[in-house]
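Keep in mind the model is a prediction, meaning the values are calculated, not measured. Because only heavy atoms are used, hydrogens play no part in the values below, and waters and symmetry mates are left out as well, while side chains stay in.
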Amino acid sequence: MKAIVLAGGKGEGLLPYTEKVQKEAITVLGKAIINYTIDGLKKAGIKEFEIIVNEKGNQIEEEVEKLDVSFETIVQKRQGIDGAVLDGMEKIDDDVFVLAFGDIIAPAEFYKSLMDTYIMTGRQAVIPLVPVSEGTETYGLVKIIDNKLKVVKESSTLALGGAYILPKPKDNFTSLLDYIDLLASEAKLNYFIWSENWVDIGYPEDLLFALETLLRRKESVISDKAEISKNAIIGKGVIVEDNAIIEDYAIIKGPAYIGKNAYVGSFSLVRDYSSIEEGAKIGAYCEIAHSLIEPFAEVGSKSYLTYSIVGKGAKIGASVITASYPAQSLSRPRFNKLGALISPEKVIKHGSIIEAGMKI
């Protein structure tokens, strides 16, 4: 069975950040978002992948090449999700295939449950359902009526889980949601409810929630190739990767992630649910809290960043402060806080104070 993985969207909820970096190529705990999907499917037994991409397809290829999987990318020709599915199905010869969204972060057990349900029930189609409580209008929703699924636009807290096993349609395919409704009405579809960890990455707050979700499940791992000062303090649930450097009197309060070749300066405090990705640099006397610092970004000394996302290669000057409260019009307000979304390669002047929820 092959998988079609969708990674060609515009990432509108993360603009202007996604003007330069494809959403699915954003790194969380040293791994691109799309690689969580592909790795999960691989562990569930899928060996071949058709990945639908846009003009930033090279970013996706660079990330997926880090995994030991067989894949090819297809530049999307038709518009929208339905068009992307059609483009992918042209490469599928099997009667049944997996359709997965490349912007879902879920554990491997999620994809294993999908495959197990398919095998055990013998139905032609399987759909996972996920309970959601915030921003319900931003998800594809369904209701269960007389033990059958029905796609709806509102008045439900059950979302489509973003990874499906589907039979290849024999007739004209025009809409994924209509197709799901059709399969349900013909009793060809089974479903299961997944109430464990699952994050659909659509907005800045989703990235911060994914970071928290992933770190909550991690145990401390300190690479013996890291350079950690004897005066530094490392808390519980901290991951420090190879060749990371943590200077004198720095405190890493777990759970937190320090990526390969990352640098944390003297007297800095990296607080819980923060990630300093590969090659990122945090100057002296900084405080980082509930934030995602992408690869090779630099944060100047004495800066204070909270509930913020700093893009790949961005440069934050010294003494920069991001406010995170009161939160501004969050689509999925899990924390009721949001600092700054700073796009890749942006430069922030020394001493800047960035108001809550700013997207730069």
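Side chain of Q22 to backbone of A7: a donor-acceptor contact under 3.5 angstrom is found. Remark: the backbone N or O of G9 is paired with a side-chain donor or acceptor of N54 at under 3.5 angstrom. A donor-acceptor distance shorter than 3.5 angstrom exists from the side chain of S220 to the backbone of G237, with no hydrogens or angles considered. S175 places a side-chain N or O within donor-acceptor distance of the main-chain N or O of D178, the cut-off being under 3.5 Å. K143 places no side-chain N or O within donor-acceptor distance of the main-chain N or O of L158, the cut-off being under 3.5 Å. Distance alone, capped at 3.5 Å, places no donor-acceptor pair between the S70 side chain and the E48 backbone. Checked by atom type and distance alone, the side chain of T117 pairs as donor or acceptor with a backbone atom of S113 at under 3.5 Å. Not one N or O on the side chain of W198 forms a donor-acceptor pair closer than 3.5 Å with the backbone of V130. The backbone N or O of E63 sits less than 3.5 Å from a side-chain atom of N35, completing a donor-acceptor pair.
Taking CD1 of I74 as the reference point, atom CD of E72 lies at 5.0 Å (rounded to 0.5 Å). Here the CG atom belonging to L176 is positioned 6.0 Å from the CG atom belonging to L99, to the nearest 0.5 angstrom. Note that CD1 of I354 and CD1 of I360 are 4.0 Å apart. Values are rounded to the nearest 0.5 Å.
Grouping Ile, Leu, Val, Met, Phe, Trp and Tyr by side-chain contacts under 4.5 Å, direct or through others, puts L269 with I233, I251.
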Using atom types as modelled, flag every donor-acceptor pair under 3.5 Å from a side chain in residues 277-284 to any protein atom, sequence neighbours excluded.
unit_1 : atom_1 : unit_2 : atom_2 : d
E277   : OE1    : G30    : N      : 2.7
E277   : OE2    : L29    : N      : 2.7
E277   : OE2    : S275   : OG     : 2.7

Extract all donor-acceptor atom pairs below 3.5 Å that involve side chains of residues 36-44 and protein atoms in other chains or at least two apart in sequence.
unit_1 : atom_1 : unit_2 : atom_2 : d
Y36    : OH     : V28    : O      : 2.6
T37    : OG1    : F101   : O      : 3.2
T37    : OG1    : I104   : O      : 3.2
D39    : OD2    : K31    : NZ     : 3.1
K42    : NZ     : D68    : O      : 3.4

Atom pairs and distances, side-chain donor-acceptor, residues 144-153, under 3.5 Å, sequence neighbours left out:
unit_1 : atom_1 : unit_2 : atom_2 : d
N147   : OD1    : Y191   : OH     : 3.0

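Between the side chains of S229 and D248, a donor-acceptor pair is found at a separation under 3.5 Å. Donor-acceptor pairing under 3.5 Å is recorded for the side chains of D242 and S223.
Counting only residues at least two apart or on different chains, the salt bridge (charged side-chain N to carboxylate O under 4.0 Å, His left out) pairs with a member in residues 335-360 are K20-E345. The salt bridge (charged side-chain N to carboxylate O under 4.0 Å, His left out) pairs that include a residue from residues 184-213 are E186-K188, D200-R332, D206-R332, D206-R334, E212-R216, where partners are two or more places apart or lie in different chains. Legend: side-chain hydrogen bond (donor to acceptor under 3.5 Å, both in side chains) pairs involving residues 288-304, not counting sequence neighbours, sorted by first then second residue: E298-K315. A salt bridge (charged side-chain N to carboxylate O under 4.0 Å, His left out) check over residues 105-115, counting only residues at least two apart or in different chains, returns the pairs K112-D116. Listed by first and then second residue, the salt bridge (charged side-chain N to carboxylate O under 4.0 Å, His left out) pairs involving residues 78-97 are R78-D87, R78-E90 (not counting sequence neighbours). Applying the ring-ring contact (aromatic ring centres under 6.0 Å, His included) test to every pair with at least one member in residues 202-259, sequence neighbours left out, gives these pairs: Y249-F267. Applying the side-chain hydrogen bond (donor to acceptor under 3.5 Å, both in side chains) test to pairs two or more places apart or on separate chains, none has a residue in residues 155-166.
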Can you list the steps and then say if T322 with S308 is a side-chain hydrogen bond (donor to acceptor under 3.5 Å, both in side chains)?
-> CA-CA 7 Å; T322 62; S308 293; 3.2 Å; yes
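Residues satisfying the side chain to side chain donor-acceptor pair (under 3.5 Å) test with N231, not counting sequence neighbours, are none.
Tested against I127 for a side-chain contact (heavy atoms from CB on, under 4.5 Å), the candidates L160, V142, L114 yield a single pass: L160.
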